[in-house]
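Let me begin by presenting the structure, written as structure tokens, before commenting on it.
Keep in mind that what you see is a predicted model, and the values were worked out from it rather than measured. The first residue of the sequence shown is numbered 1, and numbering continues consecutively from there.
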Amino acid sequence: STVRYAPAPRALIDRARRWRVLCQKYDLSIQSVALAFAWAPQCVTRVAVGVKSVPELTENVKSLRASVPRQLWLDAKKEGLLPPTLHFPK
């Protein structure tokens with residue numbers, strides 16, 4: 001795995017793995033959860049998502065339709081994946 005064309009730090013790889021495990025617990029893709037996170041703040045009215053292909057666009061639209069339960073965010077806080085002071089009003 002790389003970050004900005006360099007090998008990813010072990011801590012970042014571990015964090016990504018922990019997110020994947022949490023997403024699997026709720027039968028969600030990490031893409032669905034990432035897009036839901038981008039939409040979470042009430043002040044957000046638009047989210048720009050880059051795509052490389054029609055299949056990727058189709059997958060992104062599917063991900064936008066996924067319902068992410070509030071409990072996932074609470075679990076992410078417990079696991080240290082999100083700051084404990086972060087609020088999810090939506």
Side-chain angles (χ1 to χ4, degrees):
S1 296
T2 61
V3 175
R4 296 184 183 149
Y5 306 104
R10 173 60 58 202
L12 191 60
I13 293 170
D14 181 56
R15 187 178 186 90
R17 181 193 56 75
R18 290 169 50 215
W19 268 110
R20 280 191 199 89
V21 168
L22 181 60
C23 292
Q24 288 172 350
K25 176 181 172 183
Y26 288 92
D27 196 29
L28 292 166
S29 70
I30 198 163
Q31 294 88 342
S32 294
V33 174
L35 286 170
F37 183 82
W39 278 108
Q42 287 181 332
C43 62
V44 174
T45 59
R46 291 178 180 87
V47 173
V49 179
V51 295
K52 294 184 273 185
S53 64
V54 172
E56 190 175 16
L57 173 63
T58 302
E59 187 61 31
N60 285 343
V61 170
K62 180 182 169 187
S63 292
L64 282 169
R65 293 184 180 134
S67 177
V68 178
R70 183 170 179 78
Q71 189 60 47
L72 181 140
W73 306 122
L74 298 173
D75 289 351
K77 285 182 182 185
K78 285 182 204 170
E79 293 289 324
L81 295 169
L82 293 174
T85 56
L86 192 62
H87 296 286
F88 288 91
K90 289 184 182 177

Once you round to the nearest 0.5 Å, how far does [atom1] of [X] lie from [atom2] of [Y]?
X	Y	atom1	atom2	result
E79	L72	CD	CG	10.5 Å
C23	R18	SG	CZ	12.5 Å
K77	L74	NZ	CG	6.5 Å
L64	W39	CG	CH2	7.5 Å
L81	F37	CG	CZ	11.0 Å
S1	R10	OG	CZ	8.5 Å

Minimum heavy-atom distance between [X] and [Y], given as atom pair plus value:
X	Y	result
S29	S63	OG-OG, 3.9 Å
A16	I30	O-CD1, 4.3 Å
S32	V68	O-CG2, 4.1 Å

- Item | Verify same cluster id: V33, L86 (apolar side-chain graph, 4.5 Å) | yes

- Message: Using the rule that Ile, Leu, Val, Met, Phe, Trp and Tyr join whenever any side-chain heavy atoms are under 4.5 Å apart, tell me whether V49 and V44 fall into a single cluster.
- Response: yes

- Query: Are side-chain N/O atoms of N60 and E56 paired as donor and acceptor at under 3.5 Å?
  - Reply: no

- With a 4.5 Å heavy-atom cut-off, do W73 and L82 have their side chains touching?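 Of all side-chain heavy-atom pairs linking L82 with W73, at least one is under 4.5 Å.
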
- Item | For R17, all residues meeting side chain to side chain donor-acceptor pair (under 3.5 Å), sequence neighbours excluded | D14

